[in-house]
Every structure is written in structure tokens, then in C-alpha cells.
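Working notes for the structure below.
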Amino acid sequence: MALVKWGLRRWNSHPLSRVLLLKLIVVVISVLLFCEYFIYYLVIFRCRWPEVKTQAHGGRQKPVLKAMFLADTHLLGEIRGHWLDKLRREWQMERAFQTALRLLQPEVIFILGDIFDEGKWSTAQAWADDVQRFQKMFRHGSHVQLKVVIGNHDIGFHYQMSKYRIKRFEKVFSSERLFSWKGVNFVMVNSVAMEGDGCSICSEAEAELREISRKLNCSREQVQASGQCEGEQRLPFSAPVLLQHYPLYRASDANCSGEDAAPPEERNVPFKEKYDVLSREASQKLLWWLQPRLVLSGHTHSACEVLHPGGVPEVSVPSFSWRNRNNPSFIMGSLTSKDYALSKCYLPNEDRVLAAYGAAAGCLVVLVLAHLERLPSSFLLGWKLCRMHTRR
């Protein structure tokens, strides 16, 4: 007790100590606010919706749908998730998502699979906890629609997936596979079930896609009068946008480029069919059945643009999480029933945020030394040590 009183008297005898404490508090709070809040506004504010041609139809402009596409959030679970890793990565994704909602105001958001990191292992309680965290992080108003595609980490790879895990996922995120809005058709595929081995889940998934193909064909002008479409509720006359977790077949990322593409040493590594990408056969089936005008996928955590047979473009969307890459991003799409335009919006780089913290720590050290009037002597000591090292 006497020691505490002595410390308080010593503190009160040095008025600069209070000033120093105030300055330290101001610097720390300012750095925290900038690195954990304002930086997201500064970075995402630069993103703009791409412009798309809106040809007049019957004297009216075609409506434009503003859609956000992101992938591979990988919310950590109870098995592999360290609490500090969870806190850091999930705060980053929450702030990025909420800032994008406020600044960009999308109408619909698609997440292209691997929402969770441990969905394939989660117990019922762990799954409920992960879902609750997801709903908090990716909360949105009723005027915004959020659509989610199944990924391999959500239900397991083909040999791990089960009807129980699929139903558990669909109970939270819906089993919807065909979604239309403002004249734009989206087909959301469970690409994990595109194994092609005749398993019951795979057969059901393919049958569902063939039915969607029939509905899309009925929306096309050349078959609208056919008997098979009588009494069918017409979809918008528009080639669909295909959304899935696995990319369509490609040999590797060798032809991918850009700052968020795979690292150069990984681009020439061959992809394994049914693991890294869909098989050739499954890819051909999807292109033949659905005849999409655009494909968006995730899974690789890196960006890539590919042109498939028939001139169908595919865009691989990078991971949204710092855990998977230093420079996360998402895709912004302006779509009409006939045309589309895409642009990319980058999130803050993790290494730059860490560098800001490092610079702030250095400033704090200088500030403390300056107040203690030891700054010159510290530099002098450093100079002497450098000279001694040089002489050796």
C-alpha cells in the first residue's frame, strides 16, 4: 500500500506524465479507429458500379440489377479456429461487408460457397453457433436479398457429403436453384454433387438441372410455342448467369493474370478434376444444359478469367477473407436481361494495416522517449552500437 502511495505521489510530481498519457490514449484510439473502421470507407468509397448498355424496350429502358458476388468467407469453427484468428478475420469481413452495403447499396448479394470452414465436420451445436455468427456478420436490410451457393467446406467433398448436411444447409440458406429478378436469370448449382458417378444426391442434382434447362428453353422464343411448354410459367427471356463454387474445367491457372491471381509459382500446377475444378464431362453438361452467358465461381481463392467453348466467359472470384489472401476483393455486376458489366472492388490489404500499426507503435516509442528527454541519448547509443559493429 505504501508503494502505491509513493507511486501516486511520484506521478503527481511530474505534470508531463499526464500529458504523455493523454497523448498516448489519443494516438492509440486514432490508430484503432482508422485501421479497424475508417480504412474500409476510404478504400471501398473508390469502387463504382460498372455502366451497362440499357437499350430501350417498348419505349422504356431495361432495368439494371446491381449484384455483388463474393466467395470463400470460411468462417472458422470450434476445431481449427483460434479465438484470436476468428476475432481478427471475422471483424475484417464484417466491416468490409457492412461498409460495402452502406456505400454501394446492392440489390442482391451472392456468396459462392465455402461460407464455413468446418461445415463438413460441425456438430449440431457447432453448426448453430457458426450460423449465428454468420447472420450477425452478414446482416442486411429486407430490401437486400442474400443468396448462398453450397461449397465443399459447407457439406464436405463428394465422399463426405450427405443428405443430412445438405438439408441442414438448405434449411438456413434455402434450396433455391433458379432465381430471377429484373429480367435476369441466375442458376445456383451444387457443384459438389456434379461428380457424375450416379450417386443418389448426384442424380437428384442433375435431374433438377435438367428441369431448369427445360424451363429456360421454354423461355426462348423459338420453343415458346411448343407443346412441352404449355401451361408453363414463363421465365424472363434471358440467358442465365451460372453461379457455383467449383470452377468449370481448366487445366491450371497458367493463363490467369492480375494482382489477385494465384502466385506465379502456383499458376502452372495442374488442377485435379473433381477436386480443384469440375470434370470435363460435368463442365460440358452444364454448358450444354444451361447455355449460360456468364459463369462466376470461387474455390481457388484467387482471381482468373477464362473463355470456355462457345465464347462463354468465367470469372473466378477471389476469397473475401484475409485468412486466405492478403488482398481480398469482390465483384460488382450491373446486369440487364441482355447485357452485363463487371468490375472489381478491392478491400484493404492486410499487410498495409499491419504496417500502419507498426508505424503507430514506432511513433509511440518516439513520443515516450521525447517526453522522458531521452530521445537524443537513445539515438547516440544506437550510433555508438552501429560504430562498434562496423569496426568488428
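Quick caveat: nothing in here was measured; it's all calculated off a predicted structure.
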Rounded at 0.5 Å granularity, tell me how far CD1 in Ile109 sits from NZ in Lys66. 13.0 Å

Is the backbone of Ser297 close enough, under 3.5 Å, to the side chain of Glu314 for a donor and an acceptor to pair up by distance? no

Side-chain (Ser219) to main-chain (Leu216) donor-acceptor, under 3.5 angstrom: yes

Would you compute the distance between atom CD of Glu208 and atom CZ of Arg177 and round it to the nearest 0.5 angstrom? 5.0 Å

Can you name the closest pair of heavy atoms from Ile44 and Leu104 and give their distance? CG2-CD1, 4.2 Å

Identify whether Leu286 and Leu178 are in the same connected component of the hydrophobic contact network (ILVMFWY, side-chain heavy atoms under 4.5 Å). yes

Please confirm whether the backbone N or O of Cys199 pairs with a side-chain atom of Asp197, one donor and one acceptor, at under 3.5 Å? yes

Does a side-chain heavy-atom distance below 4.5 Å link His153 with Asp72? no

State whether the number of non-hydrogen atoms from other residues, nucleotides or ligands found under 6.0 Å of Glu305 atom CD is greater than 12. no

Flag the pair Glu259 and Lys344 as a salt bridge only when some basic side-chain nitrogen lies within less than 4.0 angstrom of an acidic carboxylate oxygen. no

Minimal non-hydrogen separation, Ser337 against Ser238, with atom names: O-OG, 2.7 Å

same_hphob_cluster(Leu146, Phe179) at 4.5 Å side-chain heavy-atom cutoff: no

Closer than 3.5 angstrom, by distance alone: can the side chain of Asn326 be matched with the main-chain N or O of Asp351 as a donor-acceptor pair? yes

Just do the side-chain contact (heavy atoms from CB on, under 4.5 Å) check on Leu248 and Val306 with the steps written out, would you? CA-CA 9 Å; Leu248 296 177; Val306 182; over 6 Å; no

Please determine whether side-chain contact (heavy atoms from CB on, under 4.5 Å) holds for the pair Met68 and Cys345, giving the CA-CA distance in whole Å, both sets of side-chain angles, and the decisive distance to 0.1 Å. CA-CA 10 Å; Met68 267 175 55; Cys345 182; over 6 Å; no

Nearest 0.5 Å, please: how far is CD in Glu266 from NE2 in His301? 11.5 Å

Mind checking whether Val144 and Val148 sit in one hydrophobic cluster, side chains of I, L, V, M, F, W, Y counted as touching below 4.5 Å? yes

Taking Gln98 for its side chain and Met137 for its backbone only, find out whether a donor-acceptor pair lies under 3.5 Å. yes

Lys/Arg-Asp/Glu bridge criterion (N-O < 4.0 Å) met for Glu350, Arg323: no

For the backbone of Lys120 and the side chain of Gln160, can you confirm whether one donor and one acceptor N or O come within less than 3.5 Å of each other? no

Take a 6.0 Å sphere around OH of Tyr41 and say whether it holds more than 12 heavy atoms from other residues, nucleotides or ligands. yes

Test your reading of the model: is there a side-chain donor-acceptor pair from Ser252 to the backbone of Val269, 3.5 Å cut-off? no

Student check: side-chain heavy atoms of Phe330 and Phe97 closer than 4.5 Å: no

Considering only heavy atoms from C-beta outward, does the side chain of Asp114 approach that of Asn152 to under 4.5 Å? yes

To the nearest 0.5 Å, how far apart are CD1 in Ile39 and CZ in Phe34? 4.5 Å

Can you check whether Pro313 reaches Leu294 side chain to side chain, under 4.5 Å on heavy atoms? yes

Taking all atoms of both residues into account, what is the closest heavy-atom pair of Ser122 and Trp127, and its distance? CB-N, 3.9 Å

Got a donor-acceptor contact below 3.5 angstrom from the Arg293 side chain to the Ala239 backbone? yes

Can you say whether the rings of Phe320 and Phe138 are parallel (under 30°), tilted (30 to 60°) or perpendicular (over 60°)? tilted

Tell me, with the steps shown, if Glu94 and Lys136 meet side-chain contact (heavy atoms from CB on, under 4.5 Å). CA-CA 8 Å; Glu94 180 176 352; Lys136 173 185 175 295; 3.1 Å; yes

Heavy-atom pair with the smallest gap, counting every atom of Pro50 and Ser334: O-OG, 2.7 Å

Out of curiosity, Ser191 OG to Leu112 CG, how far, rounded to the nearest 0.5 Å? 9.5 Å

Student check: side-chain heavy atoms of Phe237 and Asn185 closer than 4.5 Å: no

Measuring from Leu75:CG to Asp129:CG, what's the distance to the nearest 0.5 Å? 12.0 Å

Would you name the heavy atoms of Arg133 and Leu76 that are closest together and state the gap between them? NH2-O, 2.6 Å

Does atom OH (Tyr275) have a neighbourhood of more than 12 heavy atoms from anything else shown, all under 6.0 Å? no

Kindly check if the number of other-residue, nucleotide or ligand heavy atoms within 6.0 Å of CG (Asn255) is above 12? no

Identify whether NZ of Lys or CZ of Arg in Lys147 sits under 6.0 Å from the centre of the six-membered ring of Phe186 and within 45° of that ring's axis. no

Does Glu273 offer a backbone N or O that forms a donor-acceptor pair with the side chain of Ser279 under 3.5 Å? no

In terms of hydrophobic clustering (I, L, V, M, F, W, Y; side-chain heavy atoms under 4.5 Å; direct or indirect links), are Val312 and Val187 co-clustered? yes

So Met161 and Cys202, do their side chains get closer than 4.5 Å, heavy atoms only? yes

For Glu265, I'd like to know if atom CD has over 12 heavy atoms of other residues, nucleotides or ligands within 6.0 Å. yes

Distance under 6.0 Å and angle within 45° of ring axis: Arg48 vs Phe45: yes

Could you see if Val184 belongs to whatever hydrophobic cluster contains Ile212? Use Ile, Leu, Val, Met, Phe, Trp, Tyr and a side-chain cutoff under 4.5 Å. no

Return the orientation label for the Tyr246 and His299 ring planes: parallel under 30°, perpendicular over 60°, tilted otherwise. perpendicular

Please check if the number of heavy atoms outside Arg352 that lie under 6.0 Å from its CZ is greater than 12. no

From CA spacing to verdict: side-chain contact (heavy atoms from CB on, under 4.5 Å), Ile150, His245: CA-CA 7 Å; Ile150 290 177; His245 182 62; over 6 Å; no

Do Ser316 and Arg250 touch side chain to side chain, with heavy atoms closer than 4.5 Å? yes

Tell me, do Phe173 and Asp154 make a side-chain contact under 4.5 Å, heavy atoms counted? no

The side chain to side chain donor-acceptor pair (under 3.5 Å) partner of Glu36 among Arg88, Arg95, Gln92 is Arg88

Between Asp339 and Lys62, is the closest basic N to carboxylate O distance under 4.0 Å? no

What one should report as the nearest heavy-atom pair of Tyr249 and Leu278 is CB-O, 3.4 Å

